[in-house]
Amino acid sequence: MSKKLVIVGNGMAPGRMLEYLFEADRDAYEVTIFNAEPRVNYNRLMLSPVLSGEKSYEDIITHGDAWYAEHNVTLHKGAKVTKIDRDAKTVTSEAGITASYDKLVIATGSSPFIIPIPGHNLNGVMVYRDLDDVEGMLNAAKGGGRAIVIGGGLLGLEAAAGLKEQGMDVTVLHLMPTLMERQMDEASGHLLKQAIQARGIDVLTEANSKAIIEKDGRVGGIELEDGTVIEASIVVMAVGIRPAMGLAKEIGIECNRGVLVDDQMVTSDPDVYALGECAEHRGLCYGLVAPLYEMGKVLADHLLQGNTEYHGSVTATKLKVTGIDLYSAGDFAEGEDREEIVLRDATAGVYKRLVLKDEKIIGAVLYGETADGPWFFDMLKKGTDVSEMRETLIFGPAFQGGAPLDPMEAVAALPDDAEICGCNGICKSTITNSITELGLTSLDEVRAHTKASASCGTCSNLVGNLLQLTLGDSYNPDAVTPVCGCTDHGHEVVRQAIKQKRLKTIPEVLQALEWKSSTGCAKCRPALNYYLVAEWPGEYEDDYQSRFINERVHANIQKDGTYSVVPRMWGGVTNAAELRAIADVVDKFDIPSVKMTGGQRIDLLGIQKEDLLGVWEDLGKVGFVSGQAYAKGLRTVKTCVGSDWCRFGTQDSTGLGIKIEKFTWGAWTPAKLKLAVSGCPRNCSEATCKDIGIICVQAGYEIHFGGAAGLDIKGTEVLGLVETEEAVMEHVVALIQLYREEGHYLERIYKWCKRRGFDTIRTLIMEDGDLRKALYERFVYSQKFAQVDPWSERVSGKDKHEFNPMAVLEREAAE
Amino acid sequence: MNITAEIWTKIGSISDIPQRGARRVKYGAVVIAIFRTFDDRIFALEDVCTNCDGPISQGIVGDASVACPICNWEISLETGEAMGADVGQVATYPVRLEGGILQISLSPAAKAA
């Protein structure tokens, strides 16, 4: 029977430890994790890109729910551990969940330090540590105003840059005379300060905060020791972290600055381990990811009776602020036994400093040009004697062999055991071997197989260079996925060509873009047909032979070759006459199955193709039109009963939903399009997981977009708040039109938003009134040609050949 | 031994089938799909996908192939065989064009595996 392993904490250190453990032996332990955060495991290093809007939470997930299920790990989310009984060997959470263990791992990480000045617990004082903090900051940023960041270290500067990106005014307060004084000397600190100020961020050094000022029950500003007062709507404290060892202390495990561990991560209790930022090893606590991963590797090995040891780490850091290159590694305090080599190029904004001891590099700071960082770091870790190259050392590897090296040659010149990915401890040969042995061809594949560049991502260029080096010309970093096997062009190029070269038929597109097949295939033709319909409304004649069968016969093909029919029920509202007509049709055509859909309509399943026209004719008599439940186009607008009936309803959500559906039905879109309108924030029509959703509130209408509840699950993001139904219509329609014009065929709205950027789209629709009106007009024009009921058209004779056999031969005829 | 003279049966005119499209011919319980390519070549295959039994007459027609509407396998119109990495055979029937009139021979040329 496998042993029970309980882990308290679900950060990056235990996450990686489990990967090592499962890789070696999937069944050795039955694992239970208690996570105080209500989430799966994500890459904390990437919080800064999330704050600045370059990435989303989904982008930085390392282990999704599926991973836990696949590895049989029980993950208690939002479960803070409050009790550990070392005698009974049990762990209990606040809510009373208890798990027993054979081995326990404490991986509680660290907590941000809060300066206990007056006002520190006011609403609006934040720290920068987890995703909740980032969300808090993003929310605060929506209100605009000024943010004060206390702390001019790595984290503080990344927070400041992110908040600035989000549109806030930002002031950084730093107690010391120069920024990042632990990693940088005075000169480079000064260059950094200039670069930060050039981004429009105010920097005050030697600024000692005295009190946080209250205004209307929350943060109003800050007062400094010298009496200066700065108004602000939020204060972010980024002044350092403390190992979170409260739990370990409480149960009598030996602690100092952190939880004390030996070289195998064992605490004073042989069945209890500590891992990550909460641990203290040989007098040091680490806050960077590389050492934590190394610890994870050692612990995984130890749990499987191995005997590798952890001997501490030398670390290198990079500042993740776009446009500022900063690299620092090792120790650069001044001392009598130390020498330094400094290179300054003020005009180019370059500063490099190496600290040497006994002819070996012990510290390196690079500012403005950091490409040589890994080369210096490699020598630092190996303790290479540099006396031979001292004269030219600071100029980097380019000057050691004579001719200067381009980046590619520099990578080629690195020794096989040179570390490429510092976060994950991946060396050059591990990457190149994986590329050749596993046949990897892209950065993503290298990330998936080796983890190189999968954490902070700053070594992506190096890994890219290695791919190029190993694969030669067959590696194309800008490779786009072609539309299909008939062409090398991606969707973007095709759409551009249709517009710019004014291509107006499928054969013209195939000709102009040198398609490899004569007539296209089942993958590209529907895409081309859509692009042409969307680009040339009124001019392009729809090519039915390029549509999937469902869109050709206006019903949904089922696995047995029969069809299902869904009549449109505007906003999900019906009446007795309609229901009676449906009942009659079911009886008359012997329809085997009648079912409610998720979009508030009725699905008639199992209809023979030859019966479709008859079914539609009967349904059409009471006014039914096609519900287009088969279309890459508008499907449904789901509604709740709203202010007509509901005691909570704030607006007429049903009426609004019907108006939207009547306005937008018939429009072809890149992929299916589902909308919903809820009459109040209780959200009974589930608008927040739709492609576009509207939540009615007292003040008007909150428009949401980019949700998903299918293959992926994703809540919507807010587009904006508008006051009238007319404004809802204009914004929603403009959004749909933008999606029609930009989306790749079969790309749902949420994927398009992810590719294009939620913020970009939000700004275009909410802030550019002229663009919004133009989009609206273009949609209205194209609807003139789109809003024709396909059922009545076919009942009156169109595409007759689709519905009847060409010939019916008697079995005897040929015999 | 199975010696039969080929008997051609008239099924309609070429203009009954859209280019890059198909029509069905019912022959007792058997359904035969008659395909017309972009360059007016005519093929007859049993209307049953070798993989999923789906009605291939309803698929999108490529140069000389059809994509099954249910499982998306690509079937060669020329041989009835599954294309790419897939393996399978759909029964095919000889067809000919006599003065704009389509004729079919109802003994399969290739039988489904």
- prompt: With B/K10, which residues qualify under salt bridge (charged side-chain N to carboxylate O under 4.0 Å, His left out), at least two apart?
  reply: none

- prompt: Looking only at heavy atoms, which of residues 525-538 of chain A get nearer than 4.5 Å to chain B?
  reply: A/R525, A/P526

Give every donor-acceptor pair under 3.5 Å between a side-chain atom in residues 610-620 of chain A and any protein atom, sequence neighbours left out.
from, atom 1, to, atom 2, distance (Å)
A/E610, OE2, B/K26, NZ, 2.9
A/D618, OD2, A/K588, NZ, 2.9

Should the heavy atoms of other residues, nucleotides or ligands under 6.0 Å from [atom1] of [X] be counted, would the total exceed 12?
X	atom1	result
A/R502	CZ	no
A/D590	CG	no
A/E539	CD	yes
B/Q19	CD	yes

statement: Between B/F38 and A/S518 the two heavy atoms that sit nearest each other are CZ-CB, 3.1 Å

Do the non-hydrogen side-chain atoms of [X] and [Y] ever get within less than 4.5 Å of each other?
X	Y	result
A/K609	B/P55	no
A/L809	B/L106	yes
B/R20	A/D543	yes
A/H801	B/R23	yes

message: Using the rule given for side-chain contact (heavy atoms from CB on, under 4.5 Å), can you reason through A/Y563 versus B/Q58, listing the C-alpha separation, both sets of side-chain angles and the distance that settles it, and then say yes or no?
response: CA-CA 12 Å; A/Y563 289 82; B/Q58 315 293 295; 2.9 Å; yes

query: In chain order, what residues pass the side chain to side chain donor-acceptor pair (under 3.5 Å) check against A/N804, with sequence neighbours excluded?
result: none

Options A/A522, A/G561, A/S546, ranked by heavy-atom pairs under 4.5 Å with chain B, top entry: A/A522

Hey, what do you get for [atom1] ([X]) to [atom2] ([Y]), rounding to the nearest 0.5 Å?
X	Y	atom1	atom2	result
B/D63	A/K516	CG	NZ	13.0 Å
B/T9	A/E810	OG1	CD	12.0 Å
A/I549	B/I56	CD1	CD1	13.0 Å
A/K559	B/I70	NZ	CD1	10.0 Å
B/I60	A/Q545	CD1	CD	9.0 Å

field: Pick from B/G59, B/S105, B/P69, B/A67 with the largest number of heavy-atom pairs that fall under 4.5 Å of chain A
entry: B/P69

- prompt: Measuring heavy-atom distances to chain B, does A/R552 have an atom under 4.5 Å in its side chain, in its backbone, in both, or in neither?
  reply: side chain

message: What part of B/I17 gets within 4.5 angstrom of chain A, counting heavy atoms only: side chain, backbone, both, or neither?
response: side chain

